[in-house]
Amino acid sequence: MKLERPDARGRFGEFGGRFAPETLMPALDELEKAFESAWSDQAFRNELDRLLRDFVGRPTPIFEAERLSARLGVRILLKREDLAHTGAHKINNALGQALLAQRMGKPRIIAETGAGQHGVATATAAALLGLECEVFMGEKDIERQALNVYRMEMLGTKVTAVTSGAGTLKDAVNEAMRDWVGTVENTHYVIGSVVGPHPFPWMVREFQRIIGDESLEQLGDQLPDVVVACVGGGSNAIGMFYPFAGLGVELVGVEAAGEGISTGRHGASLTEGSPGIIHGTRTFLLQDSDGQVQEAHSISAGLDYPGVGPEHAYFQELGLARYVSITDEESLTGVRLLAQTEGIIPALESAHAIAWIEKAAAELAGKTVLVNLSGRGDKDVQQIAEVMR
Amino acid sequence: MSAERLSSMFAATRERDGTALLPFMTAGLPDPGHAVEMFEAMAAAGADGFEVGIPYSDPLMDGPTIQEGGARALAAGVGLAEGLEIAGRVVARTGLPVLVMTYANVVAQAGPDEFARRAADHGISGVIVADLPLEEAGFIKDAVERAGLGMVLFAAPTTTDARLRLIVDADPAFIYGVAEVGVTGERIEASSRAAELARRVRALTRTPLVMGVGISTPAHASAIAGTADGVIVGSALVRRVLEATSPKEAANSLSEAVAAFRAVL
Ligand SMILES: Cc1ncc(COP(=O)(O)O)c(C=O)c1O
């Protein structure tokens, strides 16, 4: 059974929890209480709903991809998170947390970012609400997602390059956490996915479940057979899955197989990892036998993460969802396929979900599949052009 | 039992009305072959015990210096087995109490009981886990104490009075007072938060209190000395080893630094 919320220790079954330095514990307690109070306060909900409608452009439509459906022999519906302001689902969470920071009286927010979408979303929310903002981004990601760096800077956010580790999402999370350990008294950490210590995985899921809740409303009694979403940290996927879990719809999460599972260079933490602790939570991760976290690899900066949200570990254990993976190369085919059949260039992350449908088309024949198109691909065009060259 | 080394150290410190000096050093610096010499040099210069860092890939409580130290040690092949081995040799060579410091996943993957048993076999006195708050500490603390070692718990300037009482009630081997709101790393100014934290802990308990994080100079240490049973100095020492051009230079530099801290404690 899916859990409305994790238990008192922040656990989804044996996953989750709060493995954080003592310095942060009072802030995590405070955040949990502040979120509880805000989430049951109609005035806060109304304000967030208003911004999601008038600023973000929600509800995002569901679009029937007819040419793609005909091509693959599968009826494909796209939940158009790519049409949300700033170009991805990340804004749903960033705006929610920024409003909460304001309510808690924190004048400064920080965030980590991989693809840059969460950084842009947080920078946008900060500009909208008049908060100071700093975003930590790995130097490799700064290179491959340069467009989003310019966007954040234009929005008045300070972008700080992270040079430790491989210079990707994991390292950006480390650096944001370190900043927070030193600034927690006036700063809120707007974590970008359903990861981190409790209450983040629960809170971010609540901010993202609007994707699935809206979809259910838009579909009425016409439930799809399968719901698909890509999984990096897992926020767009859990936001889509959570409302559908228990309704008899098959849920499929698509992780990054990178250069191929057998090469060891991938980001498939749920299917190839093992339980352990990363960034404050107990979940599946890529690690060696000594508990050292391994670098993930994906062409897509947003899926290039060796951990995953604890609720996905719980969903996998209970069989509420199943998890598969798609390689870099397959995802590029997915980009082209959607672009050329539907006129939509998806983010590389979202292209993993499209590519899985293509790969599993025989198994899916005649079924209705709802895909979460988590973001648009503008940010990736330069990188894709370079890879293809 | 090895935990007794630690309690006798605190007893002796209180007896002489002084403050214990506990240098932190990542295991395996400047290289695994010269690691133990670093600790011997610090022991000869007056250290009372050691915190030996078992490197971890994602040390989110550490600033740039200890991050770099850990990354270098990992690159030189220092994992849990090598780290414990080095810590054990430090115990054997110096006779001083040694604690190991690491992160929760390193202990979780080894298995808390297996980790504690191996640490005990190496004569280690206590365990510090940087990302393990009281609420999650049970599975490691129980195993560590079953093996006859001491478990350390943290208190920070941000810790509320209610939390502080729970931490004291859990009866740790000592309370690690986090002297700064922030991660490890050298600071220019002495902490403005340490004295108040020490006073709050002292008002509640006689459990030994050791202050660490940001204590970078003898002046910082002496400002705190009267309020605590011990001080931990980390980044200021690790930096010396990282900067040294030879193991001999590293040992000399450590010896000089530790003597300067010793002189004010
Ligand atoms: C468009 C898009 N989709 C998916 C992701 C992956 O994150 P999550 O798994 O939390 O949805 C990202 C992250 O940057 C993204 O930008």
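None of the values given here were measured: they were computed from a predicted structure. Just so it is clear: chains get the letters A, B, ... in the order the sequence lines come, proteins before strands, and each one is counted from 1.
- Rounding to the nearest 0.5 angstrom, the gap separating the CZ atom in A/Phe12 from the CD1 atom in A/Ile238 is 7.5 Å.
- Few gaps surround CD on A/Glu36; more than 12 heavy atoms of other groups in view lie less than 6.0 Å from it.
- Heavy-atom pairs under 4.5 Å with chain B were tallied for A/Leu285, A/Leu24, A/Val293, A/Val184; the largest tally goes to A/Val293.
- Taking 4.5 Å as the heavy-atom cut-off, the residues of residues 111-131 of chain B that approach chain A are B/Ala130, B/Asp131, ordered by number.
- Checked options A/Lys158, A/Lys106, A/Arg108; the residue passing with A/Glu132 is A/Arg108 (criterion: salt bridge (Lys or Arg N to Asp or Glu O under 4.0 Å)).
- The parts of B/Pro59 that come within reach of chain A are both its backbone and its side chain, each placing non-hydrogen atoms under 4.5 angstrom from that chain.
- Looking at A/Thr23, both its backbone and its side chain come within 4.5 Å of chain B, counting heavy atoms on both sides.
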From CA spacing to verdict: side-chain hydrogen bond (donor to acceptor under 3.5 Å, both in side chains), A/Glu32, A/His198: CA-CA 8 Å; A/Glu32 182 179 0; A/His198 177 64; 3.1 Å; yes
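- With a 4.5 Å cut-off on non-hydrogen atoms, B/Gln67 touches chain A through its side chain but not through its backbone.
- Of residues 160-180 of chain B, those residues with a non-hydrogen atom less than 4.5 Å from any non-hydrogen atom of chain A are, in numerical order, B/Thr160, B/Arg163, B/Ile167, B/Val178.
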Stepwise side-chain hydrogen bond (donor to acceptor under 3.5 Å, both in side chains) test for B/Tyr103 and B/Asp62: CA-CA 11 Å; B/Tyr103 284 80; B/Asp62 287 307; 2.8 Å; yes
Chi angles and distances behind the salt bridge (charged side-chain N to carboxylate O under 4.0 Å, His left out) call for A/Glu175, A/Arg178: CA-CA 5 Å; A/Glu175 213 49 43; A/Arg178 289 181 188 122; 2.6 Å; yes
From CA spacing to verdict: side-chain hydrogen bond (donor to acceptor under 3.5 Å, both in side chains), A/Tyr189, A/Gln97: CA-CA 9 Å; A/Tyr189 177 18; A/Gln97 286 199 53; over 6 Å; no
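- When each of B/Leu153, B/Leu134, B/Thr159 is checked for heavy-atom pairs under 4.5 Å with chain A, B/Thr159 comes out on top.
- Residues A/Glu30 and A/Lys33 are not paired through a salt bridge, judged by the lack of any N-O separation under 4.0 Å between the basic side chain and the carboxylate.
- Residues A/Asp304 and A/Thr168 bring no donor and acceptor atom of their side chains to less than 3.5 Å of each other.
- Look at A/Arg18 and B/Glu136 and you find no salt bridge, because none of the NZ, NE, NH1 or NH2 atoms lies under 4.0 Å from a carboxylate O.
- Within the 3.5 Å criterion, the main-chain N or O of A/Pro275 finds a donor-acceptor partner in the side chain of B/Gln109.
- In this structure, the portion of A/Asp29 lying under 4.5 Å from any heavy atom of chain B is its side chain and not its backbone.
- To the nearest 0.5 Å, the span separating CD1 on A/Ile191 from OG1 on A/Thr122 amounts to 11.0 Å.
- Counting heavy-atom pairs closer than 4.5 Å to chain A, the top residue among B/Leu80, B/Asp58, B/Thr102, B/Val107 is B/Asp58.
- Between chain B and the options A/Arg9, A/Met25, A/Met177, heavy-atom pairs under 4.5 Å are most frequent for A/Met25.
- Interface remark: B/Leu74 contributes side-chain atoms only to the contact with chain A (heavy atom separation under 4.5 Å).
- With chain A as the partner, the residue from B/Pro133, B/Ala110, B/Pro55 showing the most heavy-atom pairs under 4.5 Å is B/Pro133.
- Here the CG atom belonging to A/Asp171 is positioned 13.0 Å from the CZ atom belonging to A/Phe136, to the nearest 0.5 angstrom.
- Taking a cutoff of 4.0 Å between a charged side-chain nitrogen and a carboxylate oxygen, A/Glu311 and A/Arg5 do not qualify as a salt bridge.
- Contacts between A/Pro197 and chain B at a heavy-atom distance below 4.5 Å are absent for every atom of the residue.
- Using a 4.5 Å cut-off between heavy atoms, A/Glu185 touches chain B through its side chain atoms alone.
- A/Thr160 and A/Glu134 share a side-chain donor-acceptor pair at under 3.5 Å.
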